[in-house]
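For reference, the structure discussed in these notes is given below.
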Amino acid sequence: MLSQTKTKQISTLINSIKIVLIGEFLKHRSFNGANKALPVLASSLFNAGFRQVLQLDLERLDLSIDDVLSDIRDADLIIFSGCLTTQWPEIDNHSSKIFAELQKYGRENVPVLVGGYATKSIEDIARITPWITAYCDGEGEESIIEIAYAVARGTFYQEMPKLPGLCFITQEGKFHRTIATRVNNFDDIDQNFGLVHVPQVHDMDIFKASDGRQLKTAQLFTQRGCPWGCGFCNKSSESNNVIRLSETSFKRQLQQLKQRGYEAVYLDVDTFTVHDYAARREAEILQEEGFVWGSNTRIDKINYEQMRYLVEHNCVYMFFGVEHTLPEVSLANHKFNGSVASQIKQAFDYPAKIVRVFQEMNQAGLPSSYFLILGLPKAKLNSHKTEIMGYEPTTFEDDIEAIRFGIEKCNPDFLNFNVLRFMPGSMAADTVGDCSYACVRPSGTKPITAGYFLPRAVNYYGYPQFQERGVYRLCESVSRYQPITTAVNPQRVYDTICYAMELINHKIDAGGKATKLFIDRDLIALGLVTQDEQGKYAIAPIEDFANI
């Protein structure tokens, strides 16, 4: 009888506690997207019986931090959700304001948590940020329920060491680290649960009607996991097992989106065609439900026959990262799986595959995007090209060779640049000692931690300072307080972009296609980069970028 009474009491508490999920503003984006964590976690909590779950996405134009401060005063659990390491200046500022607001109302014991990739290599920030209770590392759909149950029971602080994925500083001053296990079934999650549509963020201009109107676009993920271990990415560090969303769940969520006026879907997955049959079925379902769509995949996991099938089923965009064309770069970045001999063979076969896939993209009618990362390391091979002898930085000449290869041989619709950034949780950032990235990492043989992204932590620990340069904004998502490769400098970045523009302009003059560069809208608004009616580019002198 006592057990039933307790169960009833907990059920009542579950219904009564208020959980606030906060999405942090992201200043610089590679492409427009959405913070998927808020609706996903809210759906998971709703399924578990929690009815007071508030989603406060600071990307919304109608929402400010003052609104958040008002809503958290009576909250029982506060979680910054789906955060990226690059958002630490904003998280740091807003979380301290939230704690101060809670103190005003005598509610200092309300847990304030941070979740998402921002929690990777977090110990240095945790030690100087006492107002954040803990950090949720790993996938959150299941772990957030355990955390919320503990809050409802009133035993959260006692249970902290046992809660999955919770990382924190103990009373003894030790750092307690765990990671939540991979979620193997996400069919019951409504990925757009209670989502407030934000056109400026959620819509991507690749999805347009014939009259140029932007289609209302949603994001869904239909798979989890990545079987590759590329060094600059942290997606595969937790699990390389790929699991898919069921067809029933996929159809149900698409039908719900259709009822809410959505017309396009971006499948936010790592390698869409990793399983050919599943990819084809999802394409069929998207067409059946009346959506145009796009996704990501790898060059070595798609062919012309697949492309044609996807296009026939309403696919209008397929993105993949080239990263670089030099075989030595692919080897240094662990682009391929297998033995060293197998990786070397795959790396030298890769350029021909790039050309073939871009030709097939153009033939299939899919817009193609040639994506490069500047400042990567490269392997030094022996004379027989059978063994890796060491590593060194790529040069300006290496990068422009990859650009010329892309413009002249691949004829892409889009050309995107990024600079190698060291994201905690990836091999590039985390590997200790003399690894392939040590020659271009600002910390050398030491790992890059989350603290490198927060100026307060950089000053406290004496980390190498990242030099803020406006010209770096010519590349995607490069913002302030990001540790980037030492292989580049402002002049090299500027010269690289200028070279790409010259090649594009020359191709247009010769009657070729006008390849479009990804250019930050702020740079265009300031007149630092311009484009004429033919699509030819002009750029301001490097000095004009100094004060951005």
Side-chain angles (χ1 to χ4, degrees), residues 14 17-24 26 33-50 52-58 75-85 87-88 91 95 111-122 126 132-152 156 159-168 176-195 219-226 234-239 241 243 245 249 268-270 423-425 450:
I14 285 173
I17 70 166
K18 179 180 177 180
I19 301 171
V20 177
L21 305 177
I22 301 171
E24 191 52 84
L26 183 60
N35 185 335
K36 294 299 298 176
L38 300 183
V40 166
L41 296 176
S43 176
S44 185
L45 288 165
F46 183 86
N47 292 344
F50 295 90
Q52 291 195 71
V53 182
L54 194 60
Q55 300 181 51
L56 301 178
D57 188 351
L58 285 168
D76 299 289
L77 174 62
I78 301 164
I79 308 177
F80 285 81
S81 307
C83 297
L84 302 176
T85 309
Q87 295 175 304
W88 262 112
I91 301 168
S95 62
V112 179
L113 311 180
V114 175
Y117 282 107
T119 61
K120 302 296 184 184
S121 303
I122 198 64
I132 295 177
T133 312
Y135 307 83
C136 310
D137 191 4
E139 296 189 346
E141 292 97 315
E142 295 174 357
S143 60
I144 196 173
I145 296 172
E146 295 301 315
I147 291 168
Y149 277 150
V151 171
F156 172 80
E159 292 188 52
M160 281 177 68
K162 298 185 294 183
L163 292 173
L166 219 55
C167 305
F168 57 92
H176 176 86
R177 178 186 289 109
T178 59
I179 185 167
T181 56
R182 171 72 72 184
V183 174
N184 289 316
N185 188 325
F186 49 98
D187 290 345
D188 294 333
I189 299 293
D190 177 358
Q191 296 180 36
N192 290 284
F193 180 85
L195 180 68
Q219 284 181 286
L220 290 172
F221 51 87
T222 56
Q223 67 183 53
R224 287 279 186 80
C226 178
N234 52 19
K235 291 291 183 70
S236 62
S237 59
E238 294 168 16
S239 173
N241 181 42
I243 57 171
L245 184 69
S249 179
D268 189 13
V269 298
D270 300 308
M423 307 308 293

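Below, all heavy atoms of this structure are taken into account, side chains as well, without hydrogens, waters or symmetry copies. In this text, all values refer to a predicted model and were calculated from it rather than measured experimentally.
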I145 and S44: CA distance, side-chain angles, deciding distance, side-chain contact (heavy atoms from CB on, under 4.5 Å) verdict: CA-CA 7 Å; I145 296 172; S44 185; 3.4 Å; yes

Verdict with supporting geometry, R224 and F186, side-chain contact (heavy atoms from CB on, under 4.5 Å): CA-CA 9 Å; R224 287 279 186 80; F186 49 98; 3.5 Å; yes

With sequence neighbours excluded, residues passing side-chain contact (heavy atoms from CB on, under 4.5 Å) with A37: N35, L41, S81

With T119 via side-chain contact (heavy atoms from CB on, under 4.5 Å) - residues at least two apart: V114, Y135, D137

Ignoring hydrogens and angles, tell me if any N or O in the side chain of [X] forms a donor-acceptor pair with the backbone of [Y] under 3.5 Å.
X    : Y    : value
E159 : A150 : no
E24  : Q87  : no
D76  : K18  : yes
T133 : V112 : yes
N47  : D188 : yes

F221 and V40: CA distance, side-chain angles, deciding distance, side-chain contact (heavy atoms from CB on, under 4.5 Å) verdict: CA-CA 11 Å; F221 51 87; V40 166; 3.9 Å; yes

Where [X] and [Y] come nearest, the two heavy atoms and their spacing:
X    : Y    : result
Q55  : A42  : NE2-CB, 3.4 Å
E142 : V183 : OE2-CG1, 4.0 Å
F168 : A134 : CB-CB, 3.9 Å
S43  : D190 : OG-N, 2.8 Å

Contacts of F50 that satisfy ring pair (Phe, Tyr, Trp, His ring centres under 6.0 Å) - sequence neighbours left out: Y149

Gap between atom CD1 of I189 and atom CG of L245 - 0.5 Å precision: 10.5 Å

Chi angles and distances behind the side-chain contact (heavy atoms from CB on, under 4.5 Å) call for I78, I22: CA-CA 8 Å; I78 301 164; I22 301 171; 3.7 Å; yes

